[in-house]
Every structure is written in C-alpha cells, then in structure tokens.
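Sequence positions, counted from 1, serve as the residue numbers for this chain. Basis for what follows: all heavy atoms, side chains included, without hydrogens, waters or symmetry-related copies.
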Amino acid sequence: MRLSTRGRYAVMALTEMARRGPGGAKEAPMTLAEIAQAQMLSVAYLEQLFGRLRRAGLVRSARGPGGGYRLGRPAVAITIAEIVEAVDDTIASGPEGADMPDMPSDQRDLWRELGEQVRLFLSAISLQDVVDGRTMGRAVPVPGGAALSGEE
C-alpha cells in the first residue's frame, strides 16, 4: 500500500506548516521556498500542490512582501485524508486496474474495501496528531475479522 508522491508531499508540506505554529491570521505566513528547504522538496512541485490545497480550503495565501501560506484551519481540524484527497490523490489499495470491469467482483470488492479502510484510518488522524507523534498504535482490528492465531 502506497500513496502517490502528490499525497505524501502534501502531507509533508502541511506538517511542516503545522510544526511552525497554528497558522492564525497574526502569524507570519510560510513561503513555499521555506517549506521546500525544510522538507527537501521542489518549489515548482509545491506550487502545483498548493493551488489544490488552497481550493480545498486547507491553506490560505497571503500576497505581497512577506507573503506565503498559512493553514486554512487549525491543524487539529485537518485530517490526513482531506490533505490526500485535496491533491486529487486516490486513497486506494491493491493492484492497478482494481476497478477494471473484467476483474472478478470478489477481488474488486476486496481492493475497494481495503481502500475504504485506509481512507477511514487517515480520516481519524489529524495533522496535529502527526505533529505531536500520536500516530503509532492507531490501527485496530476489523470487528468480525479472522483471527491470525496460526491454528487450523
């Protein structure tokens, strides 16, 4: 299971912004160059991502000298799933083409359900959780799932 580069870079960039402060109107905005340098990302790539993040309301832009970006909401109110979905990423799992009509429905259902579980997991984690290191131990077994005890 992997997220695309877009999703990962968007999470990295917003995590960097959240580390710097709450993003309130009185706080100095961060430039894309600052974010790029801190996270070793391309400024040109961030420009593409931030247009999408701004349209989704996850960041606000400040123009002029000293301009840049602030978080659109407090980090505690932004989920990782929102960030990934804002950059037009799909939260999906399984082989490429899992939505192909010629794939047997039982397999297609498996991959779709796995993608939904990943989306639910990322929806339960806020940007502030990532900044505070509160992501480990959050995965939970699916109720009614088969036990992996090794017994036959």
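In the hydrophobic clustering of ILVMFWY residues, with side-chain heavy atoms under 4.5 Å counting as a link, V84 and L120 come out apart. In the hydrophobic clustering of ILVMFWY residues, with side-chain heavy atoms under 4.5 Å counting as a link, I78 and V131 come out apart.
M30 approaches I35 most closely through the heavy-atom pair CE-CG1, 3.6 Å. Across every non-hydrogen atom of G67 and T31, the tightest pair is O-CG2, 3.4 Å. The two residues L58 and L14 have their closest heavy-atom pair at CB-CD2, 4.2 Å. Smallest separation of non-hydrogen atoms from S126 and V76: CB-O, 3.5 Å. Across E34 and P29, no two heavy atoms sit closer than the pair OE1-O, 4.1 Å. When all heavy atoms of L49 and A10 are compared, the pair lying nearest together is CD1-N, 3.9 Å.
Remark: R60 CZ to L71 CG distance equals 8.5 Å, nearest 0.5 Å. With rounding to the nearest 0.5 angstrom, the OG atom of S61 is 12.0 Å from the CG atom of L53. To the nearest 0.5 Å, atoms CG (D109) and CG (L114) are separated by 12.5 Å. Considering CD of Q48 and OG of S42, their distance stands at 8.0 Å, rounded to 0.5 Å.
A donor-acceptor pair under 3.5 Å links the side-chain atoms of R6 to the main chain of V87, judged by distance alone.
Using a 4.5 Å heavy-atom threshold, the side chains of T79 and I125 count as separate. For the pair Y69/M17, a side-chain contact is recorded, criterion being any heavy-atom separation below 4.5 Å from C-beta on. With a 4.5 Å cut-off on side-chain heavy atoms, F121 and V118 do not count as touching.
Under 4.0 Å is where a charged nitrogen must lie from a carboxylate oxygen, and between E16 and R20 at least one such pair does. A salt bridge does not link R108 with E113: every distance from a Lys NZ or Arg NE/NH1/NH2 to an Asp or Glu carboxylate oxygen is 4.0 Å or more.
Counted within 6.0 Å of OH on Y9, heavy atoms from surrounding residues, nucleotides or ligands total 12 or fewer; the atom is thus considered open. The local environment of CD in Q37 is sparse, with at most 12 non-hydrogen atoms from other residues, nucleotides or ligands closer than 6.0 Å.
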Walk me through it: do R73 and E82 pass the test salt bridge (charged side-chain N to carboxylate O under 4.0 Å, His left out)?
CA-CA 12 Å; R73 301 192 306 262; E82 285 180 288; 2.6 Å; yes

